[in-house]
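First comes the structure, then the notes that go with it.
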Amino acid sequence: MTILGIETSCDDTSAAVVSNGTNVLSNVVSSQIKIHKKYGGIVPELASRQHLENINFVIEKAIRDAGCKIQNINAVAVTVGPGLIGSLLVGTTTAQAISNIMKIPVAGINHIEGHIFANFLQPQRTQRKTTENTEKVTPPFVALIVSGGHTDLLMVKNWGNYKILGRTRDDAVGEVFDKIAKFLGLDYPGGPIIDKLAKKGDNKKINFPRPYMPDSWDFSFSGLKTAVINYVNSKHLLAQPPTEVGGYNHSIADLCASFQQSCADVLVRKTVLACEKFNIKKIILGGGVSANSRLRCDFIKKCDEENIKLFMPAAIFCTDNAAMIASAGYFKLKKIARCMAINPSANLELKSWNRGDAEEKGEKVKEK
Ligand code: KG4
Ligand code: ZN
């Protein structure tokens with residue numbers, strides 16, 4: 001089954017063609033970073049306008065890159081939330097129009113489950129790295145989704161069967177990376193820049209707090225953010241002259257490394273504890289922050305020690321992309337076997353799949 005995925009929940013307009021839920025035939029991502037950069041964050045009104053301008057071109061390119069025609073597409077999968085409502089609407093109305101015109105089923109996908117399914121994607125051969133895991137992921141597993149909007153710890157007992165164990169009570173971890181970067185005068189998005197600067201710093205230099213929240217599976221990173229900002233102010237770090245470390249001084253590199261280590265310690269420990277508690281021997285990661293090099297290294301090391309199988313998406317599928325939405329759509333359509341209602345919702349909760357989700361009048365999905 002060949003699925004066209006569409007993702008417009010935030011600031012990336014993306015379309016992808018994926019066959020059988022795993023084989024990525026194309027994945028086009030049109031980033032709006034240049035537009036939002038000068039504001040230090042996403043401006044919702046600008047994002048939706050830009051999606052409108054990009055969407056047709058991006059879909060056409062995805063189909064062309066996949067070497068197919070719209071007639072070869074068997075179903076459409078689109079993000080229905082959570083996200084910016086104006087942005088979501090551009091994707092959902094486009095997906096619905098394609099579904100109506102081509103008379104093919106459409107599946108509404110939660111963005112978080114998209115990040116989970118990023119682990120099923122096989123990049124095109126030319127983009128593969130030898131270290132990437134090509135083994136098949138099967139539930140049950142513990143999933144950690146860490147991005148600019150989410151920090152969710154989940155148990156996935158079976159396909160589409162989700163139990164949220166914990167989530168952030170304040171800032172998402174990626175949001176904290178972005179806010180600290182903005183405070184330091186670094187570019188947007190801050191995560192990859194902090195990651196890069198941290199490689200030149202000492203991660204033991206500053207002992208920032210580790211917000212473990214031991215009595216809960218929830219997370220809280222805003223206190224850590226305040227600790228970092230207070231440290232910078234108390235040591236007058238921003239007043240120090242830049243040196244050779246990417247134009248920044250060594251203290252900033254140490255700060256980035258120490259902050260990043262604090263995040264990684266908390267995320268790794270809580271995820272591994274969840275495995276122990278629920279007797280699960282598999283972890284999957286997803287979301288933009290799962291591209292973080294420190295986090296990936298620490299997860300590999302800890303999972304090795306604890307004999308836990310670890311799955312991480314290829315770097316290109318950690319951040320927002322439509323291939324992950326197409327993959328989730330394939331598995332969801334296979335299970336529910338009917339077209340679904342696609343009502344966008346900014347605060348969409350992650351719900352388990354059941355056949356009741358299917359629209360009664362929906363078209364039956366044919367396996368091709
Ligand atoms: O998944 P994503 O593309 O969008 C959301 O669903 O939010 O994640 C974007 C987030 C941003 O906060 C960005 O700073 C962060 O992922 N990010 C990183 C890295 N690459 C992206 N954070 C830390 N280290 C990275 N290498
Ligand atoms: Zn995302």
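Just so you know, residue 1 is the first one in the sequence shown, and it goes up from there. Heavy atoms only: backbone and side chains are in, while hydrogens, waters and symmetry mates are out. This structure is a prediction, so every number in the text was calculated from the model and none was measured. Remember, it's 1-based here, ligands and their atoms both numbered in the order they're listed.
Excluding waters, the set of protein N/O/S atoms under 2.8 Å from the Zn ion (ligand 2) reads His111 NE2, His115 NE2, Asp320 OD1.
Residue His111 touches ligand 1 through its side chain alone, judged by heavy-atom distances below 4.0 Å.
For atom 26 (N) of ligand 1, the closest non-hydrogen atom of the protein is Asp195 OD2, 2.9 Å. Nearest protein neighbour of atom 24 (N) of ligand 1, counting heavy atoms only, is Asn292 ND2, 3.0 Å. Among all protein heavy atoms, the one lying closest to atom 21 (C) of ligand 1 is Gly288 O, 3.4 Å. Closest protein heavy atom to atom 22 (N) of ligand 1: Gly191 CA, 3.3 Å. Here the protein heavy atom with the shortest distance to atom 3 (O) of ligand 1 is Asp320 N, 3.0 Å. The protein non-hydrogen atom at the shortest distance from atom 7 (O) of ligand 1 is Gly148 N, 2.9 Å. What sits closest to atom 14 (O) of ligand 1 on the protein, heavy atoms only, is Asp178 OD1, 2.7 Å.
With hydrogens and angles disregarded, no donor-acceptor distance shorter than 3.5 Å links the side chain of Lys309 to the backbone of Val137. Of the possible polar contacts, one joining the Asp170 side chain to the Ser222 backbone as a donor-acceptor pair under 3.5 Å is found.
In the model, Asn56 has no side-chain atom that pairs as donor or acceptor with a side-chain atom of Glu60 under 3.5 Å. Defined by atom type and a distance below 3.5 Å, a donor-acceptor pair is present between the side-chain atoms of Glu7 and Thr79. If you check the side chains of Asn54 and Thr13, you find a donor sitting under 3.5 Å from an acceptor. Side-chain contact, Asp11 with Gln32: no donor N or O sits under 3.5 Å from an acceptor N or O.
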Side-chain donor-acceptor pairs under 3.5 Å in residues 320-329, sequence neighbours left out?
| from | atom 1 | to | atom 2 | distance (Å) |
| --- | --- | --- | --- | --- |
| Asp320 | OD1 | His111 | NE2 | 3.1 |
| Asp320 | OD1 | His115 | NE2 | 3.1 |
| Asn321 | OD1 | Ala323 | N | 3.1 |
| Asn321 | OD1 | Met324 | N | 2.9 |
| Asn321 | ND2 | Phe317 | O | 3.3 |
| Asn321 | ND2 | Thr319 | O | 2.9 |
| Ser327 | OG | Gly21 | O | 2.7 |

Side-chain donor-acceptor pairs under 3.5 Å in residues 145-159, sequence neighbours left out?
| from | atom 1 | to | atom 2 | distance (Å) |
| --- | --- | --- | --- | --- |
| Ser147 | OG | Gly149 | N | 3.2 |
| Ser147 | OG | His150 | N | 3.2 |
| Thr151 | OG1 | Val173 | N | 2.9 |
| Asp152 | OD2 | Arg167 | NH2 | 3.3 |

Between side-chain atoms of residues 277-285 and protein atoms elsewhere (two or more places apart, or another chain), which donor-acceptor pairs fall under 3.5 Å?
| from | atom 1 | to | atom 2 | distance (Å) |
| --- | --- | --- | --- | --- |
| Lys281 | NZ | Glu306 | O | 3.0 |
| Lys282 | NZ | Thr138 | O | 2.8 |
| Lys282 | NZ | Thr138 | OG1 | 3.1 |

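The ligand atoms of ligand 1 that sit less than 4.0 angstrom from a heavy atom of Gly174 are 12 (O).
Ligand 1 lies within reach of His115, whose nearest heavy atom is under 4.0 Å from it.
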Exercise. List the steps and the verdict of side chain to side chain contact (heavy atoms under 4.5 Å, CB included) for Tyr39 and Tyr188.
Key: CA-CA 9 Å; Tyr39 305 100; Tyr188 175 84; over 6 Å; no
